[in-house]
There are 2 protein chains.
Amino acid sequence: MTSYDQLLQVLRDEGHRLTPQRLIVLRVVAEGRQHMGVDEVFREAQSAYPFMDLATVYRTLRLFKQVGLVTEVAIGDRLHYELTHPDDRHHHMVCRVCHGAFNLSPHYLEEFNSTLVNEFGFIPDLDHFTIAGVCVNCRPQSPAEVGAGSEEFTLDEDPT
Amino acid sequence: MTSYDQLLQVLRDEGHRLTPQRLIVLRVVAEGRQHMGVDEVFREAQSAYPFMDLATVYRTLRLFKQVGLVTEVAIGDRLHYELTHPDDRHHHMVCRVCHGAFNLSPHYLEEFNSTLVNEFGFIPDLDHFTIAGVCVNCRPQSPAEVGAGSEEFTLDEDPT
DNA sequence: CAAGTATTTGCAACTCATTGCAAAAAGAAA
DNA sequence: TTTCTTTTTGCAATGAGTTGCAAATACTTG
């Protein structure tokens, strides 16, 4: 049983129907690069199935997100999606300047999460979290740093 | 010099023109309750200045946000704005169920901020931060908690 | 205070995303 | 396989927010 079939089983198990549209969107996202924009998913899906409708792509991605098959990442002000890798869950730091997305281990949010729960009884949605900002490469460097490069930092960028 | 005039000075100092539309939007936000929706701002502004256009309200609020006069809060999926109180800066926890917005002291994000800067050289936008989730009152209670109330937590809700 | 210019407004068109609804189709049952 | 029920799709309309552009206007300078 392939990994792709396992994904389909997730849908079946929750009582969702396996329509050609869903199979295609799933395949596009599974085979595509990290965090694809909705329009990209739409174009690729449409080339495999010309009757594909944009609304269906939106609905399908939302469904996939609900059942955990994909992860939603807000890049700029557009929504992107990537296949969820259960063994490599991570959050994202998205650079406001270059729009690059960098992975962030869930470990960095554990304490924040406990604090909100313990102090306020507030349960934050931290299934997937995206924080915007400016990455090392786009950061205005202080004079002392100019020419020093940024070898001191490790940014695990999503291949795009 | 009133506080209102100080706000106007901020605009003037940055070279922005003081149009009637801007004066009115500023007054509406300054006198309004916490985090008003754009449509509310629009309605109130329109009653003071019938020619007010919705696009102008959007542009004006965006400008005010840029210069720091107002803070943008995403509640549900709509944007809300509140006057920035420099002596009471805070982030928000927004409940996905009741849509209530609760204040969160910047102190709770200091460590997270330093971690990202120190470990990744990533400078997160933490001027204002909104985290979605479920608040104590809307949280499904465990059997042991039923009837116990939520006196153990202090949620500082924005008056709405 | 009049003239000049750069910004801002109002309007309409547009984008991204969602939704109502009738028609189509998936899966279950016979 | 045929029928039935429920979900899903395609389409068109809607909603929130943004944008291009010509007309209007706030501010600057003489």
Side-chain angles (χ1 to χ4, degrees), chain A residues 8-26 28-29 35-43 45-67 69-70 72-81 94 96 99 130, chain B residues 5 7-26 28-29 35-43 45-46 48-67 69-70 72-81 94 96 99 130 132:
Chain A
L8 294 186
Q9 198 54 45
V10 172
L11 287 175
R12 233 187 304 256
D13 287 350
E14 302 212 9
H16 301 291
R17 295 183 180 175
L18 301 187
T19 66
Q21 292 88 338
R22 286 177 179 169
L23 302 187
I24 286 161
V25 169
L26 184 58
V28 167
V29 174
H35 51 79
M36 299 177 75
V38 176
D39 51 333
E40 291 175 274
V41 175
F42 176 54
R43 274 198 302 276
Q46 208 178 29
S47 77
Y49 185 85
F51 300 105
M52 183 69 69
D53 189 85
L54 183 57
T56 301
V57 172
Y58 275 108
R59 281 189 281 231
T60 303
L61 289 171
R62 191 173 2 146
L63 173 71
F64 287 2
K65 177 187 162 198
Q66 270 166 32
V67 302
L69 287 180
V70 302
E72 190 181 75
V73 189
I75 295 189
D77 56 355
R78 298 240 199 337
L79 297 179
H80 287 230
Y81 294 86
V94 175
R96 168 163 38 88
H99 290 136
T130 301
Chain B
D5 288 331
L7 298 179
L8 295 186
Q9 199 54 44
V10 172
L11 287 175
R12 233 188 303 260
D13 288 349
E14 303 214 7
H16 301 291
R17 297 187 177 170
L18 301 186
T19 65
Q21 291 89 338
R22 286 178 180 169
L23 301 188
I24 286 161
V25 169
L26 184 58
V28 167
V29 173
H35 52 79
M36 300 176 74
V38 176
D39 52 332
E40 291 175 274
V41 175
F42 176 54
R43 273 198 303 277
Q46 209 177 30
Y49 185 85
F51 300 104
M52 184 68 70
D53 188 86
L54 184 56
T56 300
V57 172
Y58 276 108
R59 279 190 280 231
T60 302
L61 289 172
R62 194 176 356 151
L63 173 71
F64 287 2
K65 176 188 163 196
Q66 269 166 32
V67 301
L69 286 179
V70 302
E72 189 181 78
V73 190
I75 296 188
D77 56 356
R78 297 239 200 337
L79 297 179
H80 286 230
Y81 295 87
V94 175
R96 172 163 34 90
H99 290 138
T130 301

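Remember, it's a predicted structure, so these values are computed and weren't measured experimentally. Labels below follow one simple rule: chain letters A, B, ... track the order of the sequence lines, proteins then strands, and each chain is numbered from 1.
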(message) Whole angstroms only, please: what is the CD-P distance between A:Gln46 and D:dC11?
(response) 10 Å
(request) Using atom OH of A:Tyr49 as one end and atom P of D:dT8 as the other, report the distance to the nearest whole Å. (result) 15 Å
(request) Considering just the side-chain nitrogens and oxygens of B:Arg62, establish if one lies under 4.0 Å of OP1 or OP2 belonging to D:dT19. (result) yes
(message) What is the separation between atom CZ on A:Phe42 and atom P on C:dT18, rounded to the nearest whole Å?
(response) 15 Å
(message) Using side-chain heavy atoms (C-beta onward) and a distance below 4.5 Å, is A:His16 in contact with A:Arg22?
(response) yes
(request) Ignoring backbone atoms, establish whether B:Arg17 has a side-chain N or O less than 4.0 Å from OP1 or OP2 of C:dT7. (result) no
(message) Does C:dG10 have its OP1 or OP2 closer than 4.0 Å to a side-chain nitrogen or oxygen of B:Gln21?
(response) yes
(message) Reading DNA chain D from 5' onward, which residue's closest nucleotide shows up sooner: B:Ala55 or B:Leu18?
(response) B:Ala55
(request) Take atom CG of B:Leu54 and atom P of C:dG10, then tell me their distance rounded to the nearest Å. (result) 11 Å
(request) Would you mind reporting whether B:Leu63 and B:Leu11 have side-chain heavy atoms less than 4.5 Å apart? (result) yes
(request) Figure out the CD/P separation between A:Gln9 and C:dG27, and round it to whole Å. (result) 12 Å
(message) For C:dT7 and B:Thr19 - does any side-chain N or O of the residue sit under 4.0 Å from the phosphate oxygens OP1/OP2?
(response) no
(message) Closest-nucleotide mapping onto DNA chain D: is B:Leu79 or A:Leu63 further toward the 5' terminus? I mean the 5' end.
(response) A:Leu63
(message) Distance check, rounded to the nearest 0.5 Å: B:Leu23 atom CG versus B:Leu7 atom CG?
(response) 11.0 Å
(message) So, under a plain 3.5 Å distance rule, would you say the side chain of A:Arg59 forms a donor-acceptor pair with the base of D:dG10?
(response) yes
(request) Quick one: closest heavy-atom pair of A:Phe42 and A:Asp53, and the distance? (result) CE1-C, 3.7 Å
(request) Nearest whole angstrom, please: distance from the P of C:dA24 to the CG of A:Asp53. (result) 15 Å
(request) Whole angstrom is fine here: how far is it from CZ in B:Phe51 over to C1' in D:dA23? (result) 15 Å
(request) Would you give the length of the straight line joining atom CZ of B:Arg62 to atom OH of B:Tyr81, rounded to the nearest 0.5 angstrom? (result) 8.5 Å
(message) Does a side-chain N or O of B:Thr56 approach OP1 or OP2 of C:dG10 to a distance below 4.0 Å, or not?
(response) yes
(message) It should be established whether B:Tyr58 places a side-chain nitrogen or oxygen under 4.0 Å from OP1 or OP2 of nucleotide D:dG17.
(response) yes
(message) Rounded to whole Å, how long is the line connecting atom CD1 of B:Ile75 with atom C1' of D:dG17?
(response) 17 Å
